[in-house]
2 protein chains.
Amino acid sequence: MDLSDRKLKILQAIIRNYLETGEPVGSRTISKFTDLNLSSATIRNEMSDLEELGLIVQPHTSAGRIPSDRGYRLYVDMLMREKQEEMEQLQVELNAKSQKLDTILKEAAKLLANNTNYASLITTPQYRTRRLKFLQITQVDPENLLAIIVLEGNIVKNKMVAISTPVDADVVLRLNLLLNSSLQGLDLKEINLGIIQKIKADSSGYGLLVGEILDAVAETLGEEEMQTYTSGATNIFKYPELNDSEKASHLLYALEEKKQLTELMYSEGDNERGIQVYIGNESPLEATKDCSMVTATYHLEDGVYGKIGIIGPRRMDYEKVVQALQNLMQELDEILKK
Amino acid sequence: MDLSDRKLKILQAIIRNYLETGEPVGSRTISKFTDLNLSSATIRNEMSDLEELGLIVQPHTSAGRIPSDRGYRLYVDMLMREKQEEMEQLQVELNAKSQKLDTILKEAAKLLANNTNYASLITTPQYRTRRLKFLQITQVDPENLLAIIVLEGNIVKNKMVAISTPVDADVVLRLNLLLNSSLQGLDLKEINLGIIQKIKADSSGYGLLVGEILDAVAETLGEEEMQTYTSGATNIFKYPELNDSEKASHLLYALEEKKQLTELMYSEGDNERGIQVYIGNESPLEATKDCSMVTATYHLEDGVYGKIGIIGPRRMDYEKVVQALQNLMQELDEILKK
DNA sequence: TGTTAGCACTCGGTGAGTTTGAGTGCTAAT
DNA sequence: ATTAGCACTCAAACTCACCGAGTGCTAACA
């Protein structure tokens, strides 16, 4: 049996209708809904075929049909191919008043959630490959030094270092010189034990102090602080099929914990550019078995990227979501590249 | 009609029992449950009185009784008075490995939620009255200066300032001297327009540059970035009486938005030290009409404080919650004062 | 006078039986 | 190849009787 054009049209009609109503859709509905001018009986025959092909299922005998995961998949794939060119803008407007990255990201998540009525999540970008621009040690008070670390792209981190013995100003000055000349321009990965040993050796006399500081710096840099922000978690209550306490609770828990979802978003290695769609059981995550998830990647500059995702019911308006994601990605790119 | 000791005991028994089961409790249960050795009939009479006093209510004729908001209130007040002295420790152990305030606070919220099985929230402390310890300007690259601001208590903030014209090293040095001598030791409130004008006047020649920097500094300090972290939001699904989508959705939305809840926590002005309890409709917030909320204040040092709160069902184990809050406050005090 | 036993009454919850209606599959006619 | 017609299915909604926990009241009791 083959997938005639008519069958595809019927499948599409079934999915569209189901997206709207959330109810199983019957032959009569389709017969009226489409412009194919076919009777419900004919539709029934076709539906029977579609079911045999595994694209739609009946929740129980004598109920209408709903799309299966495979059905959605086909639909999404079709969509993606079609919508490649036409691009009606969906208004997504990031207000970049604040320069702070995390504020922008949080706002982006919120925007996305509000625009789509699904839950959204977004991660901070990964800086693994950034180079150290410079490093500055300052004496704050007799017991504390402040280490300020500036990375390429003007990412600033700081760390208070409690020191065991007071030092005076010119030592701090020399420390700065030493550390900067040794570390400047290095990749975070390159600042490893070897280098640290070498610096300690070079620092005639201040070995202990230098050690303390380097440890602190390494620790600060090591804090891989990828964060994930979520928004619109409560949107899921808008969809009756997720709105039972069992499912909602699991899903919300996953959104609160974020860890698993974040991992999932980063797991699809190859597909770094472009949009990834998980439909129902395609997701390895228990909590999202009854949902669909659409993820995308935004790019800051070469090699530095973060992820955006949307979670909603299986009957998600994939068209709109993909649209919204693309717009947002574009806007993020613009703002972040400044 | 008076509140005899016996009535109090019965009320207490009713509440205790209801806290456990979540079901309306009947006279027979109390008759067995307490050591008063009274028949159910007697209990019924007493319960009838308690109902007349507005301390308990029947959800419908021929059902057991459940505590009213007033009943809970009485119970909580009794509890608070009694438990003033005895203090069995509840294990609350903050792992202070990271020095970063927000990490500690997030962990505190999580801990609290896990220990109590309710939802928790915590705000970052307010620094309004902190003094400027010192300020440092560093040249990062030809177009950018980095302003680092250290406040009392070693709170570090930083801000990148894009400058219109490049400057050389000794100008930066003089800037540092000027700004520090003018601003050091000042309260954030004291750094106002007047002072800024005066500094600009003093900065013969660099007026424009100084202006840019001061604006940036003021902006950074002005960013009153009180944040609220929540945890354990999904715990509310554990309580059937909150576990209907209408209520849960509202509550979770409030927890996601945080704004209203934060305002509420800070609204009780006078009660700055100590623990505040809102039972059901006592709260002005629509979203928590079916919940109880217990809030407490933790103190960093004079005048600097933040809030912790717990949200759960009306039948919250107030005893445990108050206990947990007190322990956590104590622990926070210790860690944060370092 | 306070406590108790007994009894009639109330009402939410449960479960069995019934009805309804949307939807299907099959067959025969077009 | 399409359609009209019809018998069949089954979840959802509704009805109804019954159960039992719990009450209020009254009368008896210590």
Side-chain angles (χ1 to χ4, degrees), chain A residues 1-11 13-15 17-18 20-68 71 240-241 243-244, chain B residues 1-11 13-15 17-18 20-68 71 240-241 243-244:
Chain A
M1 182 176 10
D2 233 4
L3 253 187
S4 67
D5 206 51
R6 197 170 73 173
K7 283 194 175 52
L8 272 183
K9 272 202 178 140
I10 291 176
L11 174 64
I14 293 173
I15 295 186
N17 197 286
Y18 182 65
E20 266 179 38
T21 64
E23 297 292 317
V25 14
S27 52
R28 233 176 91 75
T29 315
I30 296 300
S31 154
K32 280 187 271 179
F33 194 71
T34 61
D35 48 2
L36 292 172
N37 267 68
L38 294 172
S39 79
S40 63
T42 313
I43 302 287
R44 274 204 291 284
N45 291 330
E46 295 288 46
M47 281 166 100
S48 173
D49 291 354
L50 284 172
E51 181 157 21
E52 210 169 313
L53 285 166
L55 297 174
I56 52 179
V57 291
Q58 272 181 297
H60 55 86
T61 1
S62 87
R65 309 299 217 287
I66 63 177
S68 71
E241 68 267 43
N243 189 346
D244 94 82
Chain B
M1 182 179 9
D2 235 2
L3 254 187
S4 69
D5 207 49
R6 197 171 73 176
K7 283 194 175 57
L8 272 183
K9 271 200 177 140
I10 292 176
L11 175 63
I14 293 174
I15 295 186
N17 198 287
Y18 182 64
E20 267 179 38
T21 63
E23 297 293 316
V25 13
S27 52
R28 234 175 90 77
T29 315
I30 296 301
S31 154
K32 280 187 272 180
F33 194 70
T34 61
D35 49 2
L36 292 171
N37 268 70
L38 293 172
S39 79
S40 64
T42 313
I43 301 288
R44 274 204 290 286
N45 290 331
E46 296 288 45
M47 281 167 100
S48 172
D49 291 354
L50 285 172
E51 182 157 20
E52 208 170 316
L53 285 166
L55 298 173
I56 54 181
V57 292
Q58 272 182 297
H60 55 86
T61 1
S62 89
R65 309 300 217 287
I66 62 176
S68 68
E241 66 267 45
N243 191 344
D244 93 82

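All values derive from a computational prediction rather than experimental measurement. Letters A, B, ... mirror the listed sequences (proteins, then strands); counts begin at 1.
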Under 3.5 Å donor-acceptor, Ser31(A) side chain and Ser39(A) backbone: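 Checked: no pair found.
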Donor-acceptor contact present, side-chain Ser68(A) to main-chain Val57(A), <3.5 Å: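 Such a contact is absent between Ser68(A) side chain and Val57(A) backbone.
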Sequence-aligned protein contact record of nucleotides 6-21 of chain C, with B where the base is within under 4.0 Å of a protein heavy atom and S where only the sugar-phosphate is: B---BBS---------
Ser39(B) side-chain proximity, nearest of dT24(C), dA5(C), dG22(D):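 Closest nucleotide to the Ser39(B) side chain: dA5(C).
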Counterpart residues, side chain to side chain donor-acceptor pair (under 3.5 Å), relative to Arg6(B) (two or more places apart):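 Checked Arg6(B) against side chain to side chain donor-acceptor pair (under 3.5 Å); matches are Glu46(B).
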Criterion side chain to side chain contact (heavy atoms under 4.5 Å, CB included) on Thr34(A) and Lys9(A), from CA distance to verdict: CA-CA 8 Å; Thr34(A) 61; Lys9(A) 272 202 178 140; over 6 Å; no
Nearest-0.5 Å distance, CZ of residue Arg44(B) to OG of residue Ser40(B):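 That separation rounds to 4.5 Å.
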Rounded distance (nearest 0.5 Å) linking atom CG of Leu11(A) with atom CE of Met47(A):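 Spacing of CG (Leu11(A)) from CE (Met47(A)) equals 10.0 Å.
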Would you kindly give the [atom1]-to-[atom2] distance between [X] and [N], to the nearest whole Å?
X	N	atom1	atom2	result
Gln58(A)	dC8(D)	CD	C1'	13 Å
Arg6(B)	dG2(C)	CZ	P	9 Å
Lys32(B)	dA21(D)	NZ	P	10 Å
Arg28(A)	dT3(D)	CZ	C1'	14 Å
Ile66(A)	dT24(C)	CD1	C1'	16 Å
Met47(A)	dG25(C)	CE	P	9 Å
Asn45(B)	dG24(D)	CG	P	9 Å
Asn37(B)	dA5(C)	CG	P	12 Å

Selection residues 56-65 of chain B - residue pairs positive for salt bridge (Lys or Arg N to Asp or Glu O under 4.0 Å), sequence neighbours left out: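 Found Glu51(B)-Arg65(B).
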Has [X] got a side-chain N or O lying under 4.0 Å from the OP1 or OP2 atom of [N]?
X	N	answer
Arg65(A)	dG25(C)	yes
Thr42(A)	dT3(D)	yes
Ser27(B)	dT23(D)	yes

